[in-house]
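Have a look at the structure below before the remarks.
Computation of the quantities below employed the complete heavy-atom set of this structure, encompassing side-chain atoms and omitting hydrogens, waters and symmetry-equivalent molecules.
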Amino acid sequence: MRLRNIPGAREKIAGSRYVVQEEIMKEKRGRWGEVFGNKNPLYIEVGMGKGRFITELALRNPERNYVGIEKYSSVLLRALEKREEMEGLNNLLYLRMDAEELPLVFGPEEVAGIYLNFSDPWPKERHAKRRLPSRQFLERYNQILTKEGKIEFKTDNRVLFEFALEEANAAGWKTEAFTFDLHRDQEMCRGNIMTEYEERFMEMGNPICKLILSR
C-alpha cells in the first residue's frame, strides 16, 4: 500500500538538508565517507518506507553510517517529517532514487550491509526482475557490498520469500540463516527492529519470514 501523492513533496525533499540530492549523489560514488565526515561503515536500506526501521538502527548504532533509499517522494516526505523532530542524529541520510541505479551511486565494496524490508512482491511473473531479491538485483548488490557484507531480507509474503531463496541459490549466494516465522525464532529475532508493515502484519497474525545472505 502506497501513500497518495502529496502536493509539493518533491519540492520539500529538494530543500531538505537530510537528503542527498539527485544532481550530486552520483558524484559521491566511492566517497560516502566524505559525505558523513568519517570513515564509519555504511549500511543502506532499499525501500525504507516511512523510515522507522533505519532510524532506529541509526539511533542504536552511532558508530555506523546509514542511508535510507526510497523511490516515492510522498513516502520519503513522511520520513523527513519525523526526522525534523529529532536532533543529534548525525549518521542517517536519505536518497530519493530507483534501486536499479545503486551501482552508479555507491562504489565497489563501499556498502557493509543491505536491508530489504517488505519489498513490493511484483506478483506477475513478467515483472520478476523488478523484485528486490531477484538475481538481477543481487548482481547490483554484489557490485557495492564489501567482501564480508550481508543482505537481510524480511517479508510476510511466502511466495516472494521462496522466490528469494531460489534466486539466491541460483546466483551463488550463501544462505547464512532463514526462518519462515521470525517472531517464533528466538535466535533470529534477537535485536529485531520492526517496521511499520511488520507491526501491522503481526497484528493480523501473519508470520514474518527473514533471510540473511552473504557471498
Side chain to side chain, Ile208 and Asp181, heavy atoms closer than 4.5 Å | no

Full working for salt bridge (charged side-chain N to carboxylate O under 4.0 Å, His left out) between Arg60 and Glu56 = CA-CA 6 Å; Arg60 292 188 188 186; Glu56 183 61 29; 3.0 Å; yes

Donor-acceptor pair, side chain of Ser134 and main chain of Arg130, under 3.5 angstrom = no

Could you tell me whether Glu148 and Arg215 make a salt bridge, using a distance below 4.0 angstrom between a side-chain N and a carboxylate O?
-> no

What one should report as the nearest heavy-atom pair of Glu101 and Lys26 is OE2-NZ, 3.6 Å

Listed partners of Arg126 passing salt bridge (Lys or Arg N to Asp or Glu O under 4.0 Å), at least two apart = none

If you measure from the Lys or Arg side-chain nitrogens to the Asp or Glu carboxylate oxygens, is any gap between Glu198 and Lys154 under 4.0 Å?
-> yes

Main-chain N/O of Trp32 paired to Glu110 side chain as donor or acceptor, under 3.5 Å = yes

Check for a donor-acceptor pair, side chain of Trp173 on one end and backbone N or O of Leu165 on the other, with a separation under 3.5 Å.
-> no

Which atom names give the shortest non-hydrogen contact between Asn157 and Pro121, and what distance separates them?
-> ND2-CB, 3.5 Å

Short question: side chain of Asn61, backbone of Glu63 - any donor-acceptor pair under 3.5 Å?
-> no

So, is the end of the Arg131 side chain (NZ or CZ) under 6.0 Å from the ring centre of Trp122 and within 45° of the ring's axis?
-> no

Judged by atom type as modelled, is there a donor-acceptor pair below 3.5 Å linking the side chain of Glu167 to the main-chain atoms of Arg135?
-> yes

Do the side chain of Gln143 and the main chain of Pro103 share a donor and acceptor less than 3.5 angstrom apart?
-> no

Test the Arg158-Phe161 pair against the cation-pi criterion, namely NZ or CZ under 6.0 angstrom from the six-membered ring centroid and within 45° of the ring axis.
-> no

Is there a donor-acceptor pair under 3.5 Å between the side chain of Asn91 and the backbone N or O of Ala58?
-> yes

Does any N or O in the side chain of Tyr141 come within less than 3.5 Å of the main-chain N or O of Leu132, such that one atom is a donor and the other an acceptor?
-> yes

Side chain of Arg31, backbone of Glu27: donor and acceptor closer than 3.5 Å?
-> yes

Any donor-acceptor pair under 3.5 Å from Glu109 side chain to Gly107 backbone | no

Evaluate the side chain to side chain contact (heavy atoms under 4.5 Å, CB included) criterion for residues Ile151 and Leu138: first the C-alpha distance (whole Å), next the side-chain angles of each, then the deciding distance (0.1 Å), finally the verdict.
-> CA-CA 9 Å; Ile151 298 171; Leu138 287 172; 3.8 Å; yes

Can Glu139 and Lys129 be counted as an ion pair, charged N to O under 4.0 angstrom?
-> no

Would Glu187 and Arg190 pass as an ion pair if we require N to O under 4.0 Å?
-> yes

May I ask you to check whether Phe153 and Phe178 place their ring centers less than 6.0 Å from one another?
-> no

Report the residues that fulfil salt bridge (Lys or Arg N to Asp or Glu O under 4.0 Å) with Lys124, sequence neighbours left out, ordered by chain and then residue number.
-> none

Residues Lys28, Glu34; criterion salt bridge (charged side-chain N to carboxylate O under 4.0 Å, His left out); working and verdict = CA-CA 8 Å; Lys28 303 304 179 183; Glu34 296 177 10; 5.5 Å; no

Taking only Lys NZ, Arg NE, NH1 and NH2, and the carboxylate oxygens of Asp or Glu, determine whether Arg78 and Glu81 approach each other closer than 4.0 Å.
-> yes

